[in-house]
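Computed from heavy atoms alone, side chains included, the values below leave out hydrogens, waters and symmetry copies. All of these numbers come straight from a predicted model, not from anything done at the bench.
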Amino acid sequence: MAGLKAFSARVDDGMLMRAFFHLLLGAALIFVVIDFREIAAQNAAAPFDPADPSVAPVLPPALTTGEPEDAPGEVKTSAEALKQAIRFDLQPGGILAARGAIDPGAAERFKTEIEARGEYVKVVSLDSPGGSVADALAMSKLIRERQLNTEVAAGALCASSCPIVMAGGVERRAAETAVIGVHQVFNGARERLSPERAMSEAQHTTAEVTRHLDAMGIKPGLWQKAMETPPDRLAYLDAKTLREVALTTDGASTAEAK
């Protein structure tokens, strides 16, 4: 005890404070490293979120907090599966299942898949909450270029930018219980845009989508419904409306998409 008192007498208060500060700094650094590793691991495993403002311009995902109304059926695919970046699975009968959110880069992966297995693919079966508009447009154009058909099967979802992809099909089918919906565009650019530029970007995207849908033979009513519907809601399209806006084609019975 006497030795400790003697040591304390030789050490001034400044030295004690500096030692205490360095001890706290070292502890803080340890916790920062631990937190960083945990965050990095979480981010690596996190699903693509089309509503994330760090991604390219998108239509908001169908998996929003808004209350859906009058859905024509129940979505059978889990929300977690739909939030994942879209993936492609070749199934019997020439059906290429496309399930998940349309993330930036999805169109390139889709192109690679079609180039690798194009001779086997006849139909692209969609199950997606939407996502990147640019990728949806590119996928739709490739589908039409390759003269493929599109479908939304029973219990599947095709919302936001997904109907843009569906529009590319030469023949387009939807099951009676398929859930197909549209709503307004919004800008999810990495940078924070001024209201004026955000409006300009939205108008440009709307014009681009409108031109494409017209080229695909889709009637203006589809995009009008989208523009009338708030971003956190969905305007669901029943079988009658799908035929009226030509998102399903004549002679392609909704019963065909099992």
Practice item. Among Leu247, Ile164, Val152, find the residue that satisfies the side-chain contact (heavy atoms from CB on, under 4.5 Å) test when tested with Cys158. Key: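 Result for side-chain contact (heavy atoms from CB on, under 4.5 Å) with Cys158: Val152.
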Identify the two heavy atoms, one from [X] and one from [Y], that lie closest to each other, and give their separation to 0.1 Å.
X: Cys162; Y: Ser128; value: CB-O, 3.8 Å
X: Ala156; Y: Leu126; value: CB-O, 3.7 Å
X: Leu96; Y: Leu90; value: CD1-N, 3.8 Å
X: Gly168; Y: Met216; value: CA-SD, 3.8 Å
X: Ala175; Y: Ala154; value: CB-N, 3.3 Å

Can you tell if the side chain of [X] reaches within under 4.5 Å of the side chain of [Y], non-hydrogen atoms only?
X: Pro230; Y: His183; value: no
X: Val179; Y: Leu234; value: no
X: Arg109; Y: Met139; value: no
X: Val124; Y: Phe110; value: yes
X: Ile114; Y: Phe88; value: no

Side chain of [X], backbone of [Y]: donor and acceptor closer than 3.5 Å?
X: Ser161; Y: Gly131; answer: yes
X: Arg173; Y: Asn149; answer: no
X: Thr112; Y: Glu108; answer: yes
X: Thr248; Y: Ala174; answer: no
X: Arg172; Y: Ala246; answer: yes
X: Thr249; Y: Glu171; answer: no

With sequence neighbours left out, write down each residue that passes salt bridge (charged side-chain N to carboxylate O under 4.0 Å, His left out) with [X], or none if nothing qualifies.
X: Glu208; value: none
X: Lys219; value: none
X: Asp135; value: none

So how far is it from [X] [atom1] to [Y] [atom2], rounded to the nearest 0.5 Å?
X: Arg243; Y: Leu237; atom1: CZ; atom2: CG; result: 12.5 Å
X: Leu142; Y: Leu137; atom1: CG; atom2: CG; result: 12.5 Å
X: Ser140; Y: His212; atom1: OG; atom2: NE2; result: 2.5 Å
X: Ile180; Y: Met166; atom1: CD1; atom2: CE; result: 4.0 Å
X: Trp223; Y: Glu228; atom1: CH2; atom2: CD; result: 12.5 Å
X: Glu176; Y: Asp238; atom1: CD; atom2: CG; result: 9.0 Å

Practice item. With sequence neighbours excluded, tell me which residues meet side chain to side chain contact (heavy atoms under 4.5 Å, CB included) with Ser125. Key: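 For Ser125 the side chain to side chain contact (heavy atoms under 4.5 Å, CB included) partners, ignoring immediate neighbours, are Ile95, Glu151, Ala153.
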Point to revise | Pairing residues for Gln147 by the side chain to side chain contact (heavy atoms under 4.5 Å, CB included) criterion, not counting sequence neighbours | key: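 Gln147 satisfies side chain to side chain contact (heavy atoms under 4.5 Å, CB included) with Arg144, Val170 once adjacent residues are dropped.
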Review point. In this structure, are over 12 heavy atoms from other groups packed under 6.0 Å from Lys141 atom NZ?
Key: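 Enclosed.
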Check your understanding: Does Thr77 have any side chain to side chain donor-acceptor pair (under 3.5 Å) partners at least two apart in sequence or in another chain, and if so, which?
Key ->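 Scan of Thr77 (side chain to side chain donor-acceptor pair (under 3.5 Å), adjacent residues dropped) gives Asp127.
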Review point. Out of curiosity, does Val123 fall in the hydrophobic cluster containing Ile86 (side-chain heavy atoms, cut-off under 4.5 Å, transitive links)?
Key: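 In one cluster: no.
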Practice item. Identify whether the distance between the nearest side-chain nitrogen and carboxylate oxygen of Arg117 and Glu113 falls below 4.0 Å. Key: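 Between Glu113 and Arg117 there is a salt bridge, with a charged N closer than 4.0 Å to a carboxylate O.
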